[in-house]
There are 2 protein chains.
Amino acid sequence: MAFTIGEIGKATRTNIETVRYYERIGLLARPNRGANNYRSYGQDALDRLSFIRRSRDLGFSLEQVRALLGLSDDRTHDCAEVDRISKAHLVEVERKIEDLTVLGRELRAVIDSCDGGIVAHCRIIEALAPPER
Amino acid sequence: MAFTIGEIGKATRTNIETVRYYERIGLLARPNRGANNYRSYGQDALDRLSFIRRSRDLGFSLEQVRALLGLSDDRTHDCAEVDRISKAHLVEVERKIEDLTVLGRELRAVIDSCDGGIVAHCRIIEALAPPER
DNA sequence: ATAAACCCTGTAGGCACTACAGGGTCAAGA
DNA sequence: TCTTGACCCTGTAGTGCCTACAGGGTTTAT
């Protein structure tokens with residue numbers, strides 16, 4: 001029923017330092033302490049950390065996670081805001097994919113142009129260099 | 001022939017603070033100074049900064065840029081290393097695209113499951129919450 | 001008794017900038 | 001000539017999200 005920081009870290013695959021960091025920035029409540037001053041967590045803290053981890057795995061920023069946590073605390077609130085945050089994040093993810101796809105295409109073109117001579121004739125370097133000099 | 005920091009910044013669409021930052025970390029040489037202690041750049045500095053910008057736009061890290069700059073300086077060097085750095089970077093980019101694609105798919109599934117009730121029944125929150133409680 | 005494994009606090013580092021405080025300098029207009 | 005605004009300088013601190021110490025204390029197993 002009570003867990004050490006190492007235990008919740010292991011259970012959620014979260015670095016101990018990261019758990020303390022989440023506490024420091026107020027994402028996790030300050031837990032009770034034992035006689036030895038060790039942090040002592042309950043199931044609720046473990047659940048909360050799991051929620052954070054899962055959200056982070058889905059690429060939400062810590063600020064977004066903070067908002068989602070706040071919203072999920074009020075069970076009677078309607079979930080339009082949750083939906084909005086998630087959709088905004090999805091748009092972000094899709095934009096990043098597109099950016100990286102373009103970038104990858106460009107990079108591939110640059111690489112393909114190189115046929116392995118010396119740097120003076122290297123097309124990669126040329127492609128990176130300014131257009132006219 | 002001689003440019004101020006503002007001018008090379010504008011020409012390469014680089015923030016002035018970023019130019020100074022590149023100088024501080026040794027990516028750009030310390031330029032000559034005028035009587036007023038203003039930085040004074042020549043064409044070579046502008047070219048070098050363009051190279052850096054273009055590489056950054058292609059997603060190379062500053063350390064990779066530093067390596068590419070070093071390699072491009074020795075025009076007689078063979079360009080296998082340039083090729084290697086670029087290909088390693090491309091692999092990275094492709095990995096990121098794949099990660100984001102998976103993430104986007106998951107996120108879309110989570111969002112689709114929400115049909116707009118209250119948080120207590122919100123499938124997004126549910127999907128983020130730990131599996132059993 | 002001792003060693004390994006765990007826990008504590010506080011601070012600094014990493015990436016690639018960006019922002020700011022608190023100044024100096026320069027070009028153009030009133 | 002004065003003033004306004006745009007530019008430049010240095011140095012430091014902040015961003016997001018951790019991660020890695022340093023320098024301690026505690027618990028567990030042998």
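No hydrogens, no waters, no symmetry mates; every other heavy atom, side chains included, goes into these values.
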Peer 1: Can you tell whether the side chains of A:D83 and A:K87 come within less than 4.0 Å, N to carboxylate O?
Peer 2: yes

Peer 1: Roughly, in whole Å, what's the span from CD in B:E23 to C1' in C:dA16?
Peer 2: 17 Å

Peer 1: I'd like to know if the side chain of B:R39 reaches the main chain of B:N32, judged simply by a donor and an acceptor atom lying under 3.5 Å from each other, with no hydrogens or angles considered.
Peer 2: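 Checked: no pair found.
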
Peer 1: Hey, does A:Y22 reach any base, or is it just sugar-phosphate, or nothing, if we go heavy atoms under 4.0 Å?
Peer 2: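 Sugar-phosphate, backbone atoms only, no base.
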
Peer 1: Search all heavy atoms of B:L58 against all heavy atoms of A:E106 and return the closest pair with its distance.
Peer 2: CD2-CB, 3.8 Å

Peer 1: Indicate, with yes or no, if A:F3 and A:L27 share a hydrophobic cluster defined by side-chain heavy-atom contacts under 4.5 Å among Ile, Leu, Val, Met, Phe, Trp and Tyr.
Peer 2: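 As far as the 4.5 Å side-chain criterion goes, A:F3 and A:L27 are connected within one cluster.
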
Peer 1: Does A:D57 have any salt bridge (charged side-chain N to carboxylate O under 4.0 Å, His left out) partners at least two apart in sequence or in another chain, and if so, which?
Peer 2: A:R53

Peer 1: Using a cut-off of strictly less than 4.0 Å between a heavy atom of the residue and any atom of DNA chain C, enumerate the qualifying residues of residues 85-96 of chain B by number.
Peer 2: none

Peer 1: Going 5' to 3' along DNA chain D, between which two nucleotides do contacts with chain B fall, using a heavy-atom cut-off of 4.0 Å?
Peer 2: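 Both ends considered, the range comes out as D:dC7 to D:dT10.
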
Peer 1: Is there side-chain contact between A:D112 and A:R123, with at least one heavy-atom pair below 4.5 Å?
Peer 2: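 A:D112 vs A:R123: side chains apart.
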
Peer 1: At a heavy-atom distance below 4.0 Å, what parts of residues 3-14 of chain B sit against DNA chain D?
Peer 2: B:T4, B:I5, B:G6

Peer 1: In residues 61-71 of chain B, which residues come under 4.0 Å of DNA chain C by heavy atom?
Peer 2: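 Of all residues in residues 61-71 of chain B, the ones placing a heavy atom under 4.0 Å from DNA chain C are B:S61, B:L62.
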
Peer 1: What's the CD-C1' distance between A:E17 and C:dG14, to the nearest Å?
Peer 2: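 In whole Å, C:dG14 C1' lies 15 Å from A:E17 CD.
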
Peer 1: Indicate if A:V91 and A:V102 have the same hydrophobic cluster label, given that clusters are the connected sets of ILVMFWY residues with side-chain heavy-atom separations under 4.5 angstrom.
Peer 2: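 Different clusters: A:V91 never reaches A:V102 through Ile, Leu, Val, Met, Phe, Trp or Tyr contacts under 4.5 Å.
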
Peer 1: One thing to verify: whether A:R20 and A:E17 come together as a salt bridge, which I'm taking to mean a side-chain N less than 4.0 angstrom from a carboxylate O.
Peer 2: yes

Peer 1: Work out which heavy atom in A:P31 is nearest to a heavy atom in A:E23; give both atom names and the distance.
Peer 2: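 Heavy atoms only, the tightest pair is CD-OE1, 3.5 Å.
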
Peer 1: Do NZ/NE/NH1/NH2 and the carboxylate oxygens of A:K10 and A:E7 come within less than 4.0 Å?
Peer 2: no

Peer 1: Do you know which two heavy atoms are closest between B:S55 and A:L128, and how far apart they sit?
Peer 2: OG-CD2, 3.6 Å

Peer 1: Could you check whether B:E92 pairs with B:R95 (Lys NZ or Arg NE/NH1/NH2 to Asp/Glu carboxylate O, under 4.0 Å)?
Peer 2: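 B:R95 and B:E92: salt-bridged.
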
Peer 1: Do B:R48 and B:L69 come within less than 4.5 Å of each other through their side chains, counting heavy atoms only?
Peer 2: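 When only atoms from C-beta onward are counted, B:L69 and B:R48 do touch, with a gap below 4.5 Å.
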
Peer 1: Answer with yes or no whether the hydrophobic clustering places B:F51 together with A:L103; edges join I, L, V, M, F, W, Y residues whose side-chain heavy atoms lie under 4.5 Å apart.
Peer 2: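 Cluster IDs for B:F51 and A:L103 match.
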
Peer 1: Which of residues 25-39 of chain A sit near DNA chain D, with a heavy atom under 4.0 Å from it?
Peer 2: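 The stretch gives A:N36, A:Y38 as the residues lying under 4.0 Å from the strand, ordered by number.
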
Peer 1: Give me the atom names and distance for the closest heavy-atom approach of A:A45 to A:Y41.
Peer 2: CB-CD2, 3.7 Å

